[in-house]
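The structure appears below as structure tokens.
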Amino acid sequence: MPPRKIAFDWKTESVVDDLSKRDARLGKTSYRLRNLWNGQFLGNTGKPLNAEVPGHDVLVLRLVPSG
């Protein structure tokens with residue numbers, strides 16, 4: 001499977017956890033993006049995420065509140 005390019009605009013998407021009834025409130029709160037596989041930070045939710053994910057792989061992020 002070839003690599004897949006992804007683009008995710010945090011300002012236009014909603015991130016909601018229906019189980020815990022929580023909303024990331026991306027319009028009001030900025031988050032740093034941490035890659036859970038390698039621990040690196042990939043920027044923040046202030047600008048769109050652009051990444052390339054190798055075939056048969058995943059990108060797992062943790063949103064860490066800034067400040």
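Note that the structure is predicted; figures quoted are calculated from it, not measured. When reading the values below, keep in mind they use all heavy atoms of this one structure, side chains included, and skip hydrogens, waters and symmetry mates.
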For a quick test of your reading: what N or O donor-acceptor pairs under 3.5 Å do the side chains of residues 37-47 make, sequence neighbours left out?
{"residue": "Asn38", "atom": "OD1", "partner": "Gln40", "partner atom": "N", "Å": "2.9"}
{"residue": "Asn38", "atom": "ND2", "partner": "Gln40", "partner atom": "OE1", "Å": "3.4"}
{"residue": "Asn44", "atom": "OD1", "partner": "Gly46", "partner atom": "N", "Å": "2.7"}
{"residue": "Thr45", "atom": "OG1", "partner": "Tyr31", "partner atom": "N", "Å": "3.0"}

For residues 17-25, dump all side-chain donor-acceptor pairs below 3.5 Å to protein atoms at least two apart in sequence or in another chain.
{"residue": "Asp17", "atom": "OD1", "partner": "Leu19", "partner atom": "N", "Å": "3.0"}
{"residue": "Asp17", "atom": "OD1", "partner": "Ser20", "partner atom": "N", "Å": "3.3"}
{"residue": "Asp17", "atom": "OD2", "partner": "Ser20", "partner atom": "OG", "Å": "3.0"}
{"residue": "Lys21", "atom": "NZ", "partner": "Asp18", "partner atom": "O", "Å": "3.0"}
{"residue": "Asp23", "atom": "OD1", "partner": "Arg25", "partner atom": "N", "Å": "2.9"}

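Met1 belongs to no multi-residue hydrophobic cluster, having no ILVMFWY side-chain contact under 4.5 Å with any other such residue.
Counting heavy atoms from C-beta on, the side chains of Phe8 and Leu33 never come closer than 4.5 Å. Between Leu61 and Leu36 the shortest side-chain heavy-atom distance does not fall below 4.5 Å.
We find the OG1-CG distance between Thr29 and Leu63 to be 10.5 Å, quoted to the nearest 0.5 Å.
No single ILVMFWY cluster, assembled from side-chain heavy atoms under 4.5 Å apart, contains both Leu59 and Val64.
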